[in-house]
Structure formats: C-alpha cells, structure tokens
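Scroll down for the structure; my scribbles are underneath it.
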Amino acid sequence: MRKVAGGLVVAKPAFWLGWIALLQGCMCLPEPLEPQYGGGILRNADFSAGLRGWSTFGYGSVAESKSAAGNGFAVALNRTRPYQSVSQKVYLQRDTHYTLSAWLQVGDGSADVRAVVKTVGDFVHVGGVVAKAGCWSMLKGGLTAASSGPAELYFESNATVDLWVDSVSLNPFTKDEWAAHRAESVAAARKKTVRLQATDSAGNPLAGAAVSLDAVRTNFPLGAAMSRHILTNSAYQTWFASRFAVATFENEMKWYSTEPAPGREDYTVPDAMMAFAKSNGIAVRGHNVFWDQPSQQPAWVQSLPYPQLLAAASRRIRSVVSRYAGQVIGWDVVNENLHFNFYEGRFGWDASTAFYAAARLLDAGSALMFMNEFNTLEQPGDMAALPDRYLQRLRQIIAAYPENGAGMAIGLEGHFTNPNIPYMRAALDTLAQAGIPIWLTEVDVAAGPAQAQHLEEVLREAYAHPAVQGIVLWSAWRPEGCYVMCLTDNNFKNLPQGDVVDKLIAEWRSTPRTGATDAQGFFEAELVHGEYKVSVSHPALNNSVSRSVKVELGSGSEHYFIDVQV
C-alpha cells in the first residue's frame, strides 16, 4: 500500500493479476505491478519512500514523480548519455542465480531499454525491453554472479528521452533452490501419475497381479542436425537413429544447396536424407525456405534486379515447400529476420509476411511455421533480438495475415557461449505470452572446459519450461569437424557432450516399471508423457493381458482399468 497526497492509500495491482493481463496479450499496462519477491535484495523497490536507497548513475538527474493515480516512481530526466539513469548498489554472492524484473516507461515515443549490472571490472547485460510512452512495460532478465562482491544495477537506452523506473526486483536463488523449482516444473509439465486397476472377468479387483510398463515412445521430441555424410556412413546412421526423434538437415535443404545455379535444381541429397529419416521413424524440420542474411543467398541471387529476384523467390518457395509438404513437421520460413533484411530491403517491409502466407498455402497441413532467430535466449545485450522485439515481429506477421496465427511457432536457435540461465528462463517466460509452440532449434555451446556442463544446464532449463515443445541440437557430424559442438569423435564414441545427451535421453524416457497391484487391484506410477505397453498377469489365471496406454498432459491423474479374463 502507498500513502499519497490527501491521505488516500493506493495499492499497485497484485502481481498475479497483472501477469494474467500480460499473458492475455496486454504488453503495456497503465500502472506497474508490485515488485516481484518484494524487490528481493533491493531497498525501496517500489519507490514508496521516494528515492531512498537509489542513486543517480552517470552524472544525470533523477527525480521522484507520481502518476494521476498517486503511484510514485523515479524519473531520469534531462539525459544526454544513454547510461544516465537511476541505480542501486547491491552485494552479489558468487555462484548465485538472480532474477531481475522492472517496470519501465519513457517520456516520449519508444526506446530500447537495457538493464546492466556493473561489477568490479565488468558490465553485465541482464535484460532488455522496448519501453513506450503512456504505459508501463515489464523487463524480465537475470544473471549468475561470477564472484562475490559489490555491484550496481542501472538502466541504459538507445535514446536520451526521460526514463521512468518502478517496481524493480533483484532476487537471489541458490543453485539448489533453482534446481528444485526446475524439478517441480518437470513433474508438472512432463509427467503424470497413472493408476491402473486389474480386475477379473466378473469385475472383481485382482490383488497381487504382476504389472509391467514399457515405454513405446515419449512425447517430448529431442533431435539433432544431420549432415549428408549420414547417407554413406553406417556408424553415423546407427548412432543417430538410436537416439533422436527429429532431424534438421544442416545445409542440404537450403537454397544455395538445392539450386546452386539459376534453374538448376538438385534435390538428390535432401531426398535421400528424407528417405533415411522416414525409414527410421525420424521426423524432419524444413530448414530453411529463405535466409534473410545477405551473405547466405545463393551467389547468383545476390545481385538479381527486382523482377528476376521476385521470380526466383517465387520459384524457390513453390519448389521446396511443395516438394516436402506433408513430410516435415515445421518450416523455418524466413531465417533470422530480426537481424537481417535481405528480402525486406528489396521487396518491402512485408516480404517475410508474404513468405509465411505463401508457405502456409503450399503446405496446408499440420506443419508449424517457425520464426527462427538467434540471441533471443543467448544474449541479453543483443537489442535486435530481445524477446520483446521477437514478439513484435511475430505480431506483425500474424496481424497482416491472420490465418498464419494458428500455425505459427517460435524457433530459438540457442547458440550459447556462457549460458545465462536466469535470463534464459526469463526470456522463455516472456515469449510464452504468445501462446504458441516454442522450440529450441539449433542448440550448441562454445568449446571450453565447461562445455558439457553448460550444455546440460541449457537442456535441463529448456526441458523444464512448459512452453517448450521440442529441442534440436546443432551437432551435425562431419569428418572435418562440427559447426561448433560435436557429440562424438569420428569413430562415434561419445565426447563429454554426447554423454550428457545420452544421460538426459535416458532420464527423459521412462524406464520400465514393474510391480504388483494392491488389495484393491491398483498399481500407481509416475510416468513421462508418452505411449506405454502395459502387461498384467496373475498367478491364479492362465493368461495375461497387454494394452497400449497414452499418458498426456492434463490435470489430475489418469485412471485406467485393465480387465484380465479367466
């Protein structure tokens, strides 16, 4: 509650009520919400005591202000430098995760605002948002403290407009606390308690019946990039097919591979890779129809004048999408169109939108249409790829062609250097507001002594988030070496990264369960979502019964009845 002039008492909206508004698409609110976790380690996080505990950063000017409703907040005004803002000094604990949230507004127009933590010898970017005039936008982010010591939280922007700040939170979590929350999320999002009852032909419960549960398949798709070398290497084939449910062709479906010269199309290699995938029950993501990066166009495309480029692009999308329509589970329609704009620069701002609409017409089935982008999860300092920017671009595409909305999906490449796990979770939370499937599509981690550990952290964090519906590793094997991260050596013996993947595959697949029914004929087990073969037998009977059971997302436990006939 906050005291205001005239003796009135005003409360900021409860956080959970405001968060519901955000989830319903209200990205900018008339008043900020209460600070998460009461502000965590920050003092006077809601500015109810004026500017107490806060300082001016960058030799600027900071003042207290109030909204018409009486809500107090800080304003950094008369700014001449991007970093001039309000700040607060804190003390960080080594190896501790910190979640950050703040509500921001600007005095005029809009601006990219970034939160920064200044430590001894470093400036750590911890999150960003597109702040607007007239309403409050929520910035979510975080960091893991590399060392214990003093630090200072402040904000910077790409425009020197007045910057309004309110309801700031910086909350610590030990890694054990973080892992415990992640485990709870996995249990809620990926598992379910199943109760089975065995009865005889008269419907009487069978106590002491032997029950076995064997996984046929799990629902969560884990995949990897695949290179053309799989066509001629049996060891590669065996290694890949025994692990992964999804494949993305590393380069073989890209335009520069399928049409190296104008009009000379060659799908021999991707056709053979598709045949291999089908024969092994491996789903395929279509990667990619177009790539907005200028340097990744076929050499002959880059200098085409407008009419010839339009004809070539039309031929390309008809060719590749029609060829594999119904055979892929998703398309990266325009790759990396937050960072690059090759087609927008030649066809206009709505080029990508038109490509998505065309792809949906050409593949009208269940394939998802992905916006595939890098640094949205990986780099909180990349303002071009902020989760907020991603959602803005997604809404532009959907708004222009509403029929795209039902089939759109979020593709996050996930090329990590030193993963910022709290920021990754915050970014996923923000993107989940769109209410559409999220996949990590090209996950790798830069080489280094902690590569395997970092990979495990990223994969566990993604798997635990309920909005994430699939993960693909960017680890296609080539004899000369992988793009960034290999899982095996050239003899397909696991490297430490491969051991991590195998460990998680085993963990995420339910192991066979066996046991006996209780006095009422019940058997209970917690199972990962998927399909199972259930077998029930009883020593007093001459036969056993087997049936298929699907365990899927939903509230409560599932109750299945198994009748064992005499």
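You'll find the ring centres of Phe340 and Trp291 outside the 6.0 Å limit. Ring-centre distance between Phe173 and Tyr37: below the 6.0 Å cut-off. Between Trp136 and Phe73, the gap from one ring centroid to the other is short of 6.0 Å.
Using a 4.5 Å heavy-atom threshold, the side chains of Asp444 and Val458 count as separate. Looking at heavy atoms from C-beta onward, Asp292 lies in side-chain contact with Glu344 at the 4.5 angstrom threshold. Side-chain atoms of Pro419 and Glu461, non-hydrogen and from C-beta on, never get closer than 4.5 Å to each other. A 4.5 Å side-chain heavy-atom check between His454 and Met485 finds every atom pair outside the cut-off. Here the side chains of Asn420 and Leu143 are in contact, with some heavy-atom distance below 4.5 Å. No side-chain heavy atom of Phe244 sits under 4.5 Å from any side-chain heavy atom of Val246. Residues Asp332 and Val289 fail the side-chain proximity criterion, which asks for heavy atoms closer than 4.5 Å. The shortest side-chain heavy-atom distance between Leu412 and Leu428 falls under the 4.5 Å cut-off.
Salt bridge absent: Lys503 and Glu507 never bring a charged side-chain N and a carboxylate O closer than 4.0 Å. Between Arg393 and Glu373 there is no salt bridge, since no side-chain nitrogen of the basic residue lies less than 4.0 Å from a carboxylate oxygen of the acidic one.
Atom CG of Leu338 sits about 10.5 Å away from atom CG of Asn375, to the nearest 0.5 Å. The structure places CG of Asp176 at 15.0 Å from NE2 of His181, a figure rounded to the nearest 0.5 Å. The CG atom of Asp166 sits 10.0 Å away from the CG atom of Leu33 when rounded to the nearest 0.5 Å. Considering CE of Met424 and CG of Leu440, their distance stands at 5.0 Å, rounded to 0.5 Å. Note: Leu377 CG to Ile410 CD1 = 10.0 Å, rounded to the nearest 0.5 Å. Here the OG atom belonging to Ser48 is positioned 10.0 Å from the CG atom belonging to Asn71, to the nearest 0.5 angstrom.
Between Trp255 and Tyr343, the ring-plane angle classifies as parallel under the 30° and 60° cut-offs. Ring geometry for Trp474 against His287 counts as perpendicular: the plane angle is over 60°, on a 0 to 90° scale with 30° as the lower cut.
When all heavy atoms of Ser61 and Thr56 are compared, the closest pair comes out as N-CG2, 3.9 Å. Of all heavy-atom pairs between Val472 and Ala225, the closest is CG1-N, 3.9 Å. Nearest heavy atom pair, residue Ser110 against residue Val130, reads CB-CG1, 4.4 Å. Closest of all the heavy-atom pairs between Gly330 and Phe370 is CA-CE1, 4.0 Å. For the pair Trp331 and Ala367, the tightest heavy-atom approach, listed with the atom from each and the gap, is CD1-CB, 4.2 Å. Here the closest heavy-atom approach between residue Arg43 and residue Gly53 is recorded as NH2-O, 3.4 Å.
At distances below 3.5 Å, at least one donor-acceptor pair connects side-chain atoms of Arg79 with backbone N or O atoms of Val161. Although no hydrogens or angles enter the test, the distance criterion places no donor-acceptor pair under 3.5 Å between the side chain of Thr160 and the main chain of Arg81. Distance alone, capped at 3.5 Å, is enough to place a donor-acceptor pair between the Gln105 side chain and the Gly134 backbone. Judged purely by atom type and a 3.5 angstrom limit, Tyr390 uses its side chain to pair as donor or acceptor with the backbone of Met371. Side chain of Asn44 to main chain of Arg52: a donor-acceptor pair is present (N/O by atom type, distance under 3.5 Å, no hydrogens or angles). A donor-acceptor contact shorter than 3.5 Å is absent between the side chain of Arg182 and the backbone of Ala464. Formation of a donor-acceptor pair under 3.5 Å by the Gln497 side chain with backbone atoms of Leu487 is not found in this model. A donor-acceptor pair is defined here as one N or O able to donate and one able to accept, closer than 3.5 Å; no such pair exists between the side chain of Glu378 and the backbone of Phe416. Here the side chain of Glu177 pairs a donor or acceptor atom with the backbone of Thr174 at under 3.5 angstrom. Between the side chain of Arg114 and the main chain of Gly381, a donor-acceptor pair closer than 3.5 Å is present.
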Exercise. Decide side-chain contact (heavy atoms from CB on, under 4.5 Å) for Glu64 and Trp54; before the verdict, give the C-alpha distance in whole Å, the side-chain angles of both, and the deciding distance to 0.1 Å.
Key: CA-CA 11 Å; Glu64 181 189 5; Trp54 295 91; over 6 Å; no

Quiz prompt | Check against side-chain hydrogen bond (donor to acceptor under 3.5 Å, both in side chains), Gln392 and Gln396 | solution = CA-CA 6 Å; Gln392 282 185 345; Gln396 285 176 352; over 6 Å; no

Practice problem: I would like to know whether Thr441 and Thr248 meet side-chain contact (heavy atoms from CB on, under 4.5 Å); could you show each step before the answer? | Solution: CA-CA 8 Å; Thr441 56; Thr248 301; over 6 Å; no

Exercise. Verify side-chain contact (heavy atoms from CB on, under 4.5 Å) between Ser185 and His465, making sure each step is shown before the conclusion.
Key: CA-CA 7 Å; Ser185 183; His465 200 286; 5.8 Å; no

Quiz item: Going through the distances and angles, do Thr99 and Gln36 end up as a side-chain hydrogen bond (donor to acceptor under 3.5 Å, both in side chains)?
Solution: CA-CA 9 Å; Thr99 61; Gln36 286 187 291; 5.8 Å; no

Exercise. Given side-chain hydrogen bond (donor to acceptor under 3.5 Å, both in side chains), test Asn337 with Ser352 step by step and report yes or no.
Key: CA-CA 8 Å; Asn337 71 350; Ser352 290; 3.1 Å; yes

Quiz item: Please walk me through it: do His415 and Glu442 pass side-chain contact (heavy atoms from CB on, under 4.5 Å)?
Solution: CA-CA 7 Å; His415 297 293; Glu442 304 181 16; 2.9 Å; yes

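Considering only residues two or more places apart in sequence or on other chains, His339 meets the ring pair (Phe, Tyr, Trp, His ring centres under 6.0 Å) condition with Phe374. Considering only residues two or more places apart in sequence or on other chains, Cys482 meets the side chain to side chain contact (heavy atoms under 4.5 Å, CB included) condition with Cys486. Every residue was checked against the salt bridge (charged side-chain N to carboxylate O under 4.0 Å, His left out) condition with Arg190, not counting sequence neighbours, and none meets it. Residues that satisfy the side chain to side chain contact (heavy atoms under 4.5 Å, CB included) test with Asp502, not counting sequence neighbours, are Arg243, Asn494, Ile505. In this structure Asn219 satisfies the side chain to side chain contact (heavy atoms under 4.5 Å, CB included) test together with Arg217, His529, Glu552, sequence neighbours excluded.
Shown here is Lys175, whose NZ atom has more than 12 heavy atoms of other residues, nucleotides or ligands within 6.0 Å. Applying the 6.0 Å contact sphere to OH of Tyr483 captures no more than 12 heavy atoms from other residues, nucleotides or ligands. Heavy atoms of other residues, nucleotides or ligands lying less than 6.0 angstrom from CZ of Arg478 number more than 12.
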Distance-only criterion, 3.5 Å: show the donor-acceptor pairs between side-chain atoms of residues 145-155 and protein atoms not counting sequence neighbours.
residue, atom, partner, partner atom, Å
Ser148, OG, Arg94, N, 2.8
Glu152, OE2, Ser87, OG, 2.6

